[in-house]
Enquirer: 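Got a structure here, written out as structure tokens. Questions coming.
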There are 2 protein chains.
Amino acid sequence: MDTVKKTTIYDLAQLTGASPSTVSAALNGTWRQRRIKESTVRQIQSIAAQQGYRTNLQARGLRQSRSGLAGLIMPMYDNRFFASLAQSFEVEARRRGLCPITVSTHRDPEEEQRTAETLISYAVDSLFVAGATDPDAISRLCRDAGLRHVNVDLPGSLAPSVISDNHAGAVALTEAMFDARPKGEDHADERLKGRIYFLGGREKDFATSERIAGFREVVTRRSGHCAEEQIVATGYNPETVARQAQVLFQNPETAPRALLVNSTIAFEGGLSFLGSLPPETVESLVVGCYDYDPFVRYLRFPVVMVRQDVEGLIREAFQLLTSEPLPTDSTDSAAPKIIKVNPALVTPA
Amino acid sequence: MDTVKKTTIYDLAQLTGASPSTVSAALNGTWRQRRIKESTVRQIQSIAAQQGYRTNLQARGLRQSRSGLAGLIMPMYDNRFFASLAQSFEVEARRRGLCPITVSTHRDPEEEQRTAETLISYAVDSLFVAGATDPDAISRLCRDAGLRHVNVDLPGSLAPSVISDNHAGAVALTEAMFDARPKGEDHADERLKGRIYFLGGREKDFATSERIAGFREVVTRRSGHCAEEQIVATGYNPETVARQAQVLFQNPETAPRALLVNSTIAFEGGLSFLGSLPPETVESLVVGCYDYDPFVRYLRFPVVMVRQDVEGLIREAFQLLTSEPLPTDSTDSAAPKIIKVNPALVTPA
DNA sequence: TAACCTTGCACTATCGATTGTGCAAAGCAA
DNA sequence: TTGCTTTGCACAATCGATAGTGCAAGGTTA
């Protein structure tokens, strides 16, 4: 015997003398409404267990056109935010009796589409689309399949979305930086005038642009003005960021006294440069990071961080999934709901 | 119309005037061997595209009892090692034309089993079992289903396994620590005699025990002896580790001059304590961490780290999957293959 | 022209479950 | 005993694809 042949309800029907439909009902829990005698059910169940029977979920899924699966599509795993997101997703999905499966797509739009199609073709019952490069393309696929789905972290225009409140996060972070009192400094807003910078990210990215807006708002309010030069957002690449940091520190007149770094990746670049500065310069510097990493707490200087409320995002996403109606055919005039979740400020101990 | 009805090959058959089997062949690539005219095929394909046809993969899977899915079961996502593992898995699976799906199980043995069963019932074509609490239980399920699978990171006795060479990693790390020259110290092996400690982890854990063995070996070779007190392995909890570190430093006679911390989680605990020590003590301390985190490079003291070769693990796992035969019925006397992959040493710049 | 081969496709069973329906036997009231 | 309701289950259709087989039309060879 080469391939193992699995037991089916037909085998069990033979063994128990019942019909396949009775076996099916006995095993999937519908036996009560199908008026199967309890003793029959128990007999079938015991034989099923003894035979090591497992329901073929593809067959069930085919018949019911449901699968019991909840899918999550993300760009990647090895990033703290997305890893936590997957983690929370898993917990919440299981809590709802679903089997959570996660697929990452490398920020490749085509891969995203293909993956979405695959998951849809497997009849996942719901789809979470996190940080997609083109959420609306996926929404169209889902709509054609009548599949409930939510965008997470990056909003789309064709499906409800749950996103972090980047603006509020940036406001809180910037305020905290203005309020910080670095070692030995009696910090007044005056000190940061023109000397607080936003570093990293891409201005046209949805999240970054909202953060920059929040940053600008606070800086303008507390310094009276926010110059264009105070925003340096030309990417996440650590080396680039390191170079840019270096440039900022070149002119002693305008050298940063506060530095808000956008994302931990960019932060790594910032760090590798800050390490080369004299300790006293670094110690009087106020550093903020829009992102969270536990080890950042143990650097040689304090850093204010913003940590996204991942559990909150996922909870709201599940909420939306059940509360929002499926978009009607084509005449959906109302823009889908967007929920913003507040991130948390993590201040140094 | 409430639910969207998806187009099937039967619909396409109607539209094109061909039979369902012809449509099927035209769309799944077998048309050549089924001698379908190319013009017919093209016509069918064009209509299919225009109708937005998607193969129902549950139906195909049911018929073929294959799914095109490759499954990965891991304990969790929010851990650098597992996150990287998932990442590499994804890349390698796609390279092989499979759709990679990942499920985490919270280190819960029952969840592991249930998840494995679910994936099997969906006819995944192969299963990667990473860091399972009970790999053999999963192997038994897979064997019953005739499913190819590999253990990763934690070996099992019923299926081929790919694991990190913890012993070699620990040896390399410990050697590196003996060879390190902390600031201002002309470091001789003598200095570390009885003053190098292994901190964190659980001695009965497979990985930890191998690491401890490697550590002991090097310490014995270079110091002539390794005392039991030099191994402090009672868990990963950061607070516990912090307390234990504190105790170690209490006696100035035996206070650590070198500290090998097992895992980044434990390392967080170590850090929170080291932060409270006078800088000069910390600076003359040699610190090693059996695990990798990019931010550890930027702490106020250098740390030697060990980084697992995640790509290597996954590559070898795929290799094993195709090279190793399925275990024969029950009379498999030969123990399945175990492949060890060397981790890399990451030394401070 | 007969015998045979090739081409091009249709027919039909099948994968393993779920579900609407039908029907005999048992139970019960009149 | 008759007629009606329950109980307990079997039958058969169905989900959407794949794959074995058969067969007519058109070509080729003798």
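The structure displayed is predicted, hence computed values, not measured ones. Lettering follows sequence order; numbering is per chain, from 1.
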Enquirer: B/A18 near the nucleic acid: base, sugar-phosphate alone, or nothing, with a heavy-atom cut-off under 4.0 Å?
Expert: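 Sugar-phosphate only.
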Enquirer: Verify salt bridge (Lys or Arg N to Asp or Glu O under 4.0 Å) between A/E111 and B/R94, making sure each step is shown before the conclusion.
Expert: CA-CA 10 Å; A/E111 205 68 88; B/R94 288 204 194 279; 3.4 Å; yes
Enquirer: At how many degrees, to 10°, do the end axes of the helix from C/dT1-D/dA30 to C/dA30-D/dT1 meet when each uses five pairs?
Expert: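 For the helix from C/dT1-D/dA30 to C/dA30-D/dT1, the axes at opposite ends meet at about 50°.
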Enquirer: With sugar-phosphate meaning primed atoms plus P, OP1 and OP2, does B/G29 contact a base, only sugar-phosphate, or nothing at under 4.0 Å between heavy atoms?
Expert: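 Since no nucleic acid heavy atom lies under 4.0 Å of B/G29, the category is nothing.
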Enquirer: Want to settle it: does A/T40 or A/R63 sit nearer the 5' end of DNA chain D, counting the closest nucleotide to each?
Expert: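 Nearer the 5' end of the strand: A/T40.
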Enquirer: So what does A/T30 hit on the nucleic acid, given a heavy-atom distance under 4.0 Å: a base, only sugar-phosphate, or nothing?
Expert: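 Counting heavy atoms under 4.0 Å across all strands, no contact is made by A/T30.
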Enquirer: Does the side chain of B/S157 pick up a donor-acceptor pair with the side chain of B/D136 at under 3.5 Å?
Expert: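 Present: a donor and an acceptor within the cut-off.
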Enquirer: May I ask you to check whether A/F89 and A/F128 place their ring centers less than 6.0 Å from one another?
Expert: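 Yes, ring centres under 6.0 Å apart.
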Enquirer: Does A/T40 reach the main-chain N or O of A/I36 with its side chain, forming a donor-acceptor pair under 3.5 Å?
Expert: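 Checked: no pair found.
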Enquirer: Check the distance between D/dA12's P and A/I9's CD1 and give it to me in whole angstrom.
Expert: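 Atom CD1 in A/I9 sits about 15 Å away from atom P in D/dA12.
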Enquirer: Could you check how far CZ of B/R35 sits from P of D/dA19, rounded to whole Å?
Expert: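 These atoms are roughly 16 Å apart.
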Enquirer: Does a nitrogen or oxygen in the side chain of A/S19 sit under 4.0 Å from OP1 or OP2 of D/dA10?
Expert: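 Checking D/dA10 against A/S19, a side-chain N or O does come within under 4.0 Å of OP1 or OP2.
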Enquirer: Quick one: how far along DNA chain C does chain A reach, first to last nucleotide 5' to 3', anything under 4.0 Å to a heavy atom?
Expert: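 First and last nucleotides in contact are C/dG16 to C/dT21.
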Enquirer: How would you label the contact of A/R60 with the nucleic acid (heavy atoms, under 4.0 Å): base, sugar-phosphate, or nothing?
Expert: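 Sugar-phosphate, backbone atoms only, no base.
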Enquirer: For the residue pair B/T102 and A/Y77, confirm or rule out a side-chain donor-acceptor distance under 3.5 Å.
Expert: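 Yes, side-chain donor-acceptor contact under 3.5 Å.
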Enquirer: Rounding to an integer number of Å, can you tell me how far B/L57 CG sits from D/dG16 P?
Expert: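 Taking CG of B/L57 and P of D/dG16, I get 13 Å after rounding.
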Enquirer: I'd like to know if A/S21 reaches the base of D/dC11 with its side chain such that a donor and an acceptor end up less than 3.5 angstrom apart.
Expert: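 Pair found.
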Enquirer: Once you round it to whole Å, what is the distance between P of D/dA12 and OH of A/Y10?
Expert: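 The answer, rounded to whole Å, is 12 Å.
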Enquirer: To the side chain of A/L62, which of D/dC15, D/dA17, D/dT7 is closest?
Expert: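 Nearest to the side chain of A/L62 among the choices is D/dC15.
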Enquirer: In whole angstrom, what separates A/K37's NZ from D/dA10's P?
Expert: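 Distance check: A/K37 NZ to D/dA10 P gives 11 Å.
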Enquirer: Within the 4.0 Å heavy-atom criterion, would you say A/S65 contacts the bases, only the backbone, or no part of the nucleic acid?
Expert: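 Nothing: the residue A/S65, judged by heavy atoms under 4.0 Å, touches no strand.
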Enquirer: In whole angstroms, how far is the C1' atom of D/dT6 from the CZ atom of A/R34?
Expert: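 That distance rounds to 17 Å.
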Enquirer: If we count only N and O atoms by modelled type, under 3.5 Å, do the side chains of A/Q87 and B/H106 hold a donor and an acceptor together?
Expert: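 Distance-only check passes for A/Q87 and B/H106.
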Enquirer: For B/L127 and B/C142, work out which heavy atoms get closest and say how close.
Expert: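 Reported closest heavy-atom pair: CD2-SG, 3.8 Å.
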Enquirer: Any donor-acceptor pair under 3.5 Å linking the side chain of A/R148 with the backbone of A/S126?
Expert: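 Answer holds: no.
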Enquirer: Provide, to the nearest angstrom, the distance between the NZ atom belonging to B/K6 and the P atom belonging to D/dT14.
Expert: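 Between P of D/dT14 and NZ of B/K6: 21 Å.
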Enquirer: Given salt bridge (Lys or Arg N to Asp or Glu O under 4.0 Å), test A/E92 with A/R315 step by step and report yes or no.
Expert: CA-CA 7 Å; A/E92 288 293 318; A/R315 251 200 323 273; 5.3 Å; no
Enquirer: Any chance you could measure A/S104, atom OG, to A/D78, atom CG, to the nearest 0.5 Å?
Expert: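 It is 8.5 Å, given to the nearest 0.5 Å.
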Enquirer: Expressed in angstrom and rounded to an integer, what is the separation of B/Q58 atom CD from D/dA17 atom P?
Expert: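 Going from B/Q58 (CD) to D/dA17 (P), I get 11 Å.
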Enquirer: Whether A/T22 contacts D/dC9 is assessed here as follows: a side-chain N or O lying under 4.0 Å from the phosphate OP1 or OP2. Is that the case?
Expert: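 False: A/T22 side-chain N/O out of range (4.0 Å or more) of D/dC9 OP1/OP2.
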Enquirer: Go through the N and O atoms of the side chain of B/R54 and the base of D/dG16, and report whether any donor-acceptor pair is under 3.5 Å.
Expert: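 By the distance-only test, no, there is no pair.
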